[in-house]
Amino acid sequence: MGLNDIKARIAKAEKTAGRIPGATQLIAVSKVQPNARVEAVLEAGHRLFGENKVQEAAGKWPAFQERFPDAKVHLIGPLQSNKARQAMQLFAAIHSLDRPKLAATLARLAQELGHCPELFVQVNTGEEAQKAGILPAEADAFIKEVRALDLPLKGLMCIPPVDETPSLHFALLAKIAERNGLEGLSMGMSSDFEQAIAFGATHVRVGSAIFGERDPG
Ligand SMILES: *Cc1c(COP(=O)(O)O)cnc(C)c1O
């Protein structure tokens, strides 16, 4: 288990970048991992996790949370509107708000349920056709729309293209956040979280470097 190593590397990256110690939250991405590995990370005291599928999270987290009531899970994968209600009950934050229809659904459910997870707007910084997220040129207008719905917007999230320098995408995301007065930046994974921290990440999403490689099934 690489939890302590990753925590040490985060602390070092914060120091190098002149960030406040503890400014970056570590989301341990537990998708597809065997329960025993997730349990080991819980036993080690870690309490913040990430999952990319509503169904998978619903199948494993309620039982873990009975034993570790302060464990929190963030949704980092795409959300279909018909799973929004379930997602709002399971997750402390949703990092994949990427379209007006989903924003409207979340706003309606927030009224009905009386609470809403913290939200991150996903930005498709690489403008990739196969990837979710709002286009950079449309981000400012969408952020205004989300705010007008009175939703708890915390920040922005991106997943850079695999074959490009991630720093350019982290810088772009940080710039969009800054001009919109948003403090949250969900960016950086196992291979690039230190660079993300240098560009101001407040949430890094690290899976394989903590738990080991995922079994592709
Ligand atoms: C799986 C996943 C991660 C973690 O990836 P690793 O390379 O294992 O650290 C981070 N963000 C998202 C959106 C993911 O789906």
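Note that ligands are numbered from 1 as they come in the structure, with each ligand's atoms numbered from 1 the same way.
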What atoms of ligand 1 come within less than 4.0 Å of a heavy atom belonging to Ile159? 13 (C)
Heavy atoms only: which of Met189, Lys31, Lys53 is nearest to atom 15 (O) of ligand 1? Lys31
Per-atom contacts of ligand 1 with Gly207, taking only distances under 4.0 Å to non-hydrogen atoms: 4 (C), 6 (P), 8 (O), 9 (O)
If you group Ile, Leu, Val, Met, Phe, Trp and Tyr by side-chain heavy-atom gaps below 4.5 Å, do Leu173 and Ile27 land in one group? no
Throw together a table of side-chain donor-acceptor distances under 3.5 angstrom for residues 189-200, partners on residues two or more places apart or in other chains.
residue	atom	partner	partner atom	Å
Ser190	OG	Ser208	OG	3.4
Ser190	OG	Ala209	N	3.0
Asp192	OD1	Met189	N	2.6
Glu194	OE1	Arg9	NH2	3.0
Glu194	OE2	Arg9	NE	2.9
Gln195	OE1	Ser167	OG	3.1

Given Ala209, Gly188, Ser190, which one has a non-hydrogen atom that is nearest to atom 6 (P) of ligand 1? Ser190
Indicate the ring-plane relationship of Phe120 and His203, choosing parallel, tilted or perpendicular according to the 30° and 60° boundaries. perpendicular
Linking I/L/V/M/F/W/Y whenever their side-chain heavy atoms sit closer than 4.5 Å, directly or via other members, would Ile76 and Leu156 fall into one cluster? no
Within the structure, is a non-hydrogen atom of Arg214 found at a distance of less than 4.0 Å from ligand 1? yes
Nearest protein heavy atom to atom 12 (C) of ligand 1, by residue and atom, and its distance? Ile76 CD1, 3.4 Å
Any idea which atoms of ligand 1 are less than 4.0 Å away from a heavy-atom of Arg205? 4 (C), 9 (O), 10 (C), 11 (N), 12 (C), 13 (C)
Looking just at side-chain N and O atoms, do Thr24 and Glu14 make a donor-acceptor pair shorter than 3.5 Å? yes
Counting from 1 in the order shown, the ligand 1 atoms closer than 4.0 Å to a non-hydrogen atom of Val206 are 9 (O)
Taking distance alone, with no angle check, do Met157 and ligand 1 share an N/O pair under 3.5 Å? no
Working note: Lys131 + Glu128, criterion salt bridge (Lys or Arg N to Asp or Glu O under 4.0 Å); need CA distance, chi angles, decisive distance, verdict. CA-CA 5 Å; Lys131 209 166 261 175; Glu128 296 173 280; 2.8 Å; yes
Side chains of Gln86 and Lys83, donor plus acceptor under 3.5 Å: no
